[in-house]
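Working notes, beginning with the structure itself.
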Amino acid sequence: MTRVFSGIKPSGSVHLGNYLGALRNWAAMQDGADTVYCVVDLHALTVPQDPAELRASTLSLAQMLIAIGIDPERSTLFIQSHVSEHTECAWLMECTASFGELRRMTQFKDKSEKAKFVSGGLFTYPALQASDIILYDTDQVPVGEDQRQHIELTRDLAERFNNRYGQTFVVPEAVVPAAGARVMDLQNPENKMSKSEDSPQGSVSLLDDPAAIEKKFKRAVTDSDNEVHYDPATKPGVSNLLSILGAATGQSPTEAATGIERYGDLKVATAQAVIELLRPVQARYHELAADPAETSRLLAVGADKARTIARATLDRAHQNLGLLAP
Ligand code: TYM
């Protein structure tokens with residue numbers, strides 16, 4: 001059976017880009033594959049975190065994953081720091097990656113240019129991400145467009161390790177959705193949608209209420225030529241709205257434009273589609289949020305299942321590397 005793995009960081013609120021680019025696919029892939037999903041709390045530590053906030057957002061994100069349809073009975077759902085094999089394997093991947101390879105990662109370049117304090121972890125982050133993936137003999141990794149380069153690196157590292165030490169890791173491939181793979185910021189449509197703290201009006205949180213969603217779409221940046229058609233190069237704002245509307249209603253962006261003449265109508269239609277898409281997710285989330293003990297129980301079961309798979313892979317890697325068995 002195909003093994004699927006993916007992860008999401010518990011920093012800031014989960015947004016529409018996460019949902020359309022990745023999470024929706026996570027839920028869909030549960031049919032017909034063996035799916036393993038992880039809240040990657042250790043990846044959030046590349047920048048200093050408030051401990052209480054980190055703890056709360058990790059639990060809340062796990063609840064959101066269940067709310068969007070990740071079924072802990074069908075999928076292995078767990079928290080990265082609960083399975084210490086991830087950090088153990090990260091060292092093996094750091095020793096497999098070259099300095100130049102890590103330096104070329106665009107996410108590292110972008111983030112390190114902006115940050116005042118650049119941690120060592122920000123630099124080695126993709127080695128931990130590679131470990132997350134290869135520990136589960138992963139065939140497919142559902143992600144948004146921005147993660148493609150990290151998955152390519154994971155492939156290179158797995159192949160290099162296999163060439164040096166014999167067949168050890170499965171070489172995974174990225175699965176990027178046809179629609180919604182790169183949702184842009186509503187205020188700066190040249191930038192991808194990111195955490196709401198960075199762009200409060202440009203990012204739609206999965207927990208925004210209908211009034212907030214409507215307001216954000218009404219204020220979305222468009223352009224001045226008043227023509228509703230899809231052309232990301234010259235009309236980034238309008239094209240982003242069409243992509244979101246299409247992704248939310250199961251159409252291509254061009255199909256989504258059919259019958260819409262005015263920007264105001266496009267904004268209202270997109271807001272309505274997103275509100276309807278999120279309505280059941282939000283209802284389910286609020287139910288789950290009322291019972292944190294049950295979520296913790298489910299996550300402990302998930303960590304046990306994950307550890308069994310990860311340990312076997314890591315033992316195989318140790319053996320092939322020539323580490324002396326204890
Ligand atoms: P993260 O937490 O930033 O994002 C989680 C997922 O959401 C996708 N995404 C988007 N898709 C479309 N439009 C956007 N504007 C948008 N913003 C985010 C991301 O592509 C991602 O799929 N490094 C990863 C987390 C990670 C991981 C892994 C992923 C750690 N280990 C192993 C896959 C496999 C990250 O920071 O994603």
Side-chain angles (χ1 to χ4, degrees), residues 3-27 29 35-47 57-58 61-62 64-65 68 70 78-81 83 86-87 89-90 93 105-108 110-111 121-122 124-136 138-155 157-158 172-199 202-206 232 236 240 243-244 247-248 306 310:
R3 171 68 55 70
V4 169
F5 178 94
S6 201
I8 179 168
K9 274 196 309 274
S11 46
S13 48
V14 202
H15 55 74
L16 191 62
N18 297 133
Y19 183 66
L20 296 177
L23 303 182
R24 196 156 69 151
N25 237 354
W26 292 21
M29 289 172 99
T35 43
V36 181
Y37 297 127
C38 183
V39 175
V40 290
D41 54 350
L42 298 172
H43 276 105
L45 303 181
T46 54
V47 292
S57 57
T58 302
L61 180 53
M64 181 52 87
L65 295 180
I68 60 129
I70 305 304
F78 70 105
I79 309 294
Q80 188 185 33
S81 63
V83 180
H86 288 245
T87 41
C89 188
M93 287 301 106
M105 292 293 111
T106 50
Q107 203 145 313
F108 172 71
D110 290 351
K111 292 197 173 171
L122 188 66
T124 57
Y125 178 113
L128 178 59
Q129 179 162 353
S131 306
D132 299 340
I133 298 167
I134 58 175
L135 278 173
Y136 297 92
T138 302
D139 302 296
Q140 297 184 338
V141 190
V143 283
E145 191 61 52
D146 64 340
Q147 293 300 317
R148 245 188 221 283
Q149 196 187 29
H150 287 164
I151 312 303
E152 277 304 313
L153 176 69
T154 304
R155 291 174 59 85
L157 299 184
E173 61 180 41
V175 176
V176 177
R182 195 168 168 81
V183 176
M184 308 308 276
D185 186 286
L186 299 182
Q187 290 298 317
N188 303 296
E190 262 109 38
N191 298 340
K192 68 173 184 187
M193 186 177 284
S194 59
K195 286 174 283 176
S196 49
E197 300 86 87
D198 301 340
S199 175
S203 177
V204 177
S205 159
L206 298 194
N240 187 37
S243 295
I244 294 172

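Read the numbers this way: they start at 1 and go in the same order the structure lists the ligands and their atoms.
Polar contact with ligand 1: absent for E145 (N/O pair, distance under 3.5 Å). Checked against a 3.5 angstrom limit, the closest N/O atoms of S6 and ligand 1 fall outside it. Among the atoms of H150, none of the N or O lies under 3.5 angstrom from an N or O of ligand 1.
Distances from ligand 1 to the non-hydrogen atoms of G180 include at least one value under 4.0 Å.
Of all the heavy atoms of M184, none lies under 4.0 Å from any atom of ligand 1, so neither backbone nor side chain is involved. Contacts of V183 with ligand 1, taken as heavy-atom pairs under 4.0 Å, involve both backbone and side chain. Of the heavy atoms in I8, both backbone and side-chain atoms come closer than 4.0 Å to ligand 1.
For ligand 1 and G21, the ligand atoms under 4.0 Å from any heavy atom of the residue are 11 (N), 12 (C). Taking a cut-off of under 4.0 Å to the non-hydrogen atoms of I133, the atoms of ligand 1 that pass are 32 (C), 34 (C). In the vicinity of Q147, heavy-atom distances shorter than 4.0 Å reach the ligand 1 atoms 19 (C), 20 (O), 21 (C), 23 (N), 24 (C), 35 (C), 36 (O), 37 (O).
Ranking the protein heavy atoms by distance from atom 3 (O) of ligand 1 puts K9 NZ, 3.6 Å first. Scanning the protein for heavy atoms near atom 10 (C) of ligand 1, the closest one is G17 O, 3.4 Å. For atom 25 (C) of ligand 1, the closest non-hydrogen atom on the protein side is G7 O, 3.7 Å.
Comparing heavy-atom distances from atom 12 (C) of ligand 1 across G144, A181, A247 singles out A181 as nearest.
Looking at R24, its side chain does come within 3.5 Å of a backbone N or O of A247 through a donor-acceptor pair.
Classification of the Y136-H86 ring pair by plane angle, with boundaries at 30° and 60°, yields tilted.
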